[in-house]
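To start, the structure under review is shown below, and the notes come after it.
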Amino acid sequence: MKLNILQITVESLKSLKRFYIRRKPRIFMAGGLVLSAAGTVTACAATYNHIDKILDHHRSNMEAADELPVEESGKEKVKIVAETCLDIAKIYAVPVALSAAGYGSIIYANHIQEQRQAVLSDALSTLGAAYAAYRKRVEEKYGKDAERDILTDASTVTVYDENGNEVKSEEVSVCDTDGLIESSFDKFFDSSSRNWEDNAEENYSFLIQMQRECNHILRTEGYLFLKDVYEKCDIPITKASLVAGWVYNAKGEDADKYPDVVDFGLGDIHDIYKRRFVNGYENCVLLHFNCAANISDAI
């Protein structure tokens, strides 16, 4: 029972961590707005409750200082002004701190979002350039019409009337789904994952971030199991994922056997589904992991 509680606690903490990483910009933006509003409210409360008392006390002290000799009166007035400024600073210290923290959180949230947008922009630029070069090579080799037919997967369909006579032939685009899933390790990233959003751009940014984290772990630890990648993407683990994975800088004969870079297969320009996902037309995607089937012997 204790072990189950510990496991549940660990899984809960992992889920919270994933939730935090995924929604960090929104969390800091919301926190910044709340803190800024709290700073405004506390400043108004401080003004309403304390400022009149402080100013009245200041005036009474200044009037008392006027009755002193000239030399003593000047020194006393300087002291009174300093004390009044200090009192005002004290009552507005909390509002200023809350407002500063709020503005800082908003700026930080914007910074995180800009970083993610930069990652997305770089990836799209690289993919777009590679795809454009690929289309150009196809066009140069097969011609513009053939390239268009390959791109749209167009085929000619003959339409017949009820007597079996040919009416017309027209070109339509078809989709061949045979062989869509290439490996038993392939998994869909869709609404079944708690990290999925109904937004293609956010899903792509999240997957790119997870891919980078996985490569960092691989370089740090020296190996990475597919199970760990599934968990990061909130994909149910399988028995095969417990032994499949990647090995970093494998030696000798194993150098070519074990991949040392984690790739989710999002950069496959030949896959129309991946292109549609990257370009924002689809908000779910089939992930193709380039892992080795068994890395237990290499660890």
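For the single chain, residues carry numbers from 1 onward in sequence order.
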Next on the checklist: Within the structure provided, determine whether Gln115 and Gln209 are in side-chain contact (heavy-atom separation under 4.5 Å).
Outcome noted: no

Item to check | ILVMFWY network linking Leu35 to Val94, side-chain heavy atoms under 4.5 angstrom | outcome: yes

Checklist entry - Can you tell me how far CH2 of Trp196 sits from CD1 of Ile235, rounded to the nearest 0.5 angstrom? => result 14.0 Å

What donor-acceptor contacts under 3.5 angstrom involve side-chain atoms of residues 74-83, with partners at least two apart or in another chain?
from, atom 1, to, atom 2, distance (Å)
Lys77, NZ, Asp66, OD1, 2.6

Checklist entry - How close do Ile106 and Ser36 get, heavy atom to heavy atom, and via which atoms? => result CD1-OG, 4.2 Å

Item to check | Sidechain-backbone polar pair: Ser99 side chain, Val96 backbone, donor-acceptor under 3.5 Å | outcome: no

Item to check | Given Leu86, Ile88, Asp87, the one that forms side-chain contact (heavy atoms from CB on, under 4.5 Å) with Thr84 | outcome: Ile88

Checklist outcome for this item: Separation between SG (Cys214) and CZ (Arg219), nearest 0.5 Å, reads 11.0 Å

Next on the checklist: Under 4.0 Å between a side-chain nitrogen and a carboxylate oxygen: does that hold for Asp56 and Arg59?
Outcome noted: yes

Next on the checklist: Would you call the rings of Phe189 and Phe206 parallel, tilted or perpendicular, taking 30° and 60° as the class edges?
Outcome noted: parallel

Checklist entry - When you look at Asn110 and Glu114, which way does the side chain to side chain donor-acceptor pair (under 3.5 Å) test go after all the steps? => result CA-CA 6 Å; Asn110 183 67; Glu114 286 182 348; 3.2 Å; yes

Next on the checklist: On a heavy-atom basis, which atom in Ala292 and which in Tyr258 lie closest, and how many Å separate them?
Outcome noted: CB-CD2, 3.6 Å

Checklist entry - For Val285, which of Val278, Leu207, Asn203, Asp190 qualifies under side-chain contact (heavy atoms from CB on, under 4.5 Å)? => result Leu207

Next on the checklist: Walk me through whether Thr47 and Ile91 qualify under side chain to side chain contact (heavy atoms under 4.5 Å, CB included).
Outcome noted: CA-CA 8 Å; Thr47 301; Ile91 67 170; over 6 Å; no

Checklist outcome for this item: ring pair (Phe, Tyr, Trp, His ring centres under 6.0 Å) filter on Tyr92, not counting sequence neighbours, yields none

Checklist entry - Among the clusters formed by ILVMFWY side chains lying less than 4.5 Å apart, do Tyr223 and Val243 turn up in the same one? => result no

Checklist entry - Looking only at heavy atoms, what is the nearest atom pair of Ser193 and Cys233, with distance? => result OG-O, 2.8 Å

Item to check | Separation between CD of Glu221 and NE2 of His216, rounded to the nearest 0.5 Å | outcome: 9.0 Å

Checklist entry - Ignoring hydrogens and geometry, is there a side-chain-to-backbone donor-acceptor pair from Asn195 to Lys232 under 3.5 Å? => result yes

Next on the checklist: Under the rule for side chain to side chain contact (heavy atoms under 4.5 Å, CB included), what residues qualify as partners of Glu231, not counting sequence neighbours?
Outcome noted: Lys14, Lys227, Asp228, Ile237

Item to check | From CG (Leu286) to NZ (Lys187), nearest 0.5 Å | outcome: 10.0 Å

Next on the checklist: Nearest 0.5 angstrom please: Asp186 CG to Phe264 CZ, how far?
Outcome noted: 12.5 Å

Item to check | Distance-minimising heavy-atom pair for Lys24 and Tyr108 | outcome: NZ-OH, 4.1 Å

Checklist entry - Are Tyr103 and Ile112 joined in one hydrophobic group, where the rule is that I, L, V, M, F, W and Y side chains link up if heavy atoms are under 4.5 Å apart? => result no

Checklist entry - His288 and Lys274: which non-hydrogen atoms are nearest, and at how many Å? => result CB-NZ, 4.2 Å

Next on the checklist: Check whether Asn215 reaches the backbone of Gln211 with its side chain - one donor and one acceptor, N or O, closer than 3.5 Å.
Outcome noted: yes

Checklist outcome for this item: One should read off an interatomic distance between Thr42 OG1 and Leu98 CG, to the nearest 0.5 angstrom, of 5.0 Å

Next on the checklist: Check for me, please, whether Phe289 and Tyr248 land in the same ILVMFWY cluster - side-chain distances under 4.5 Å, paths through other members count.
Outcome noted: yes

Next on the checklist: Which residue is it: Ile295, Leu226, Ile217, Val261? I am looking for the one with a side-chain contact (heavy atoms from CB on, under 4.5 Å) to Trp246.
Outcome noted: Leu226

Checklist entry - Side-chain contact, heavy-atom cut-off 4.5 Å: Glu202 with Ser205? => result no

Checklist entry - How far apart are the closest heavy atoms of Asp263 and Asn290, and which atoms are they? => result N-OD1, 2.9 Å

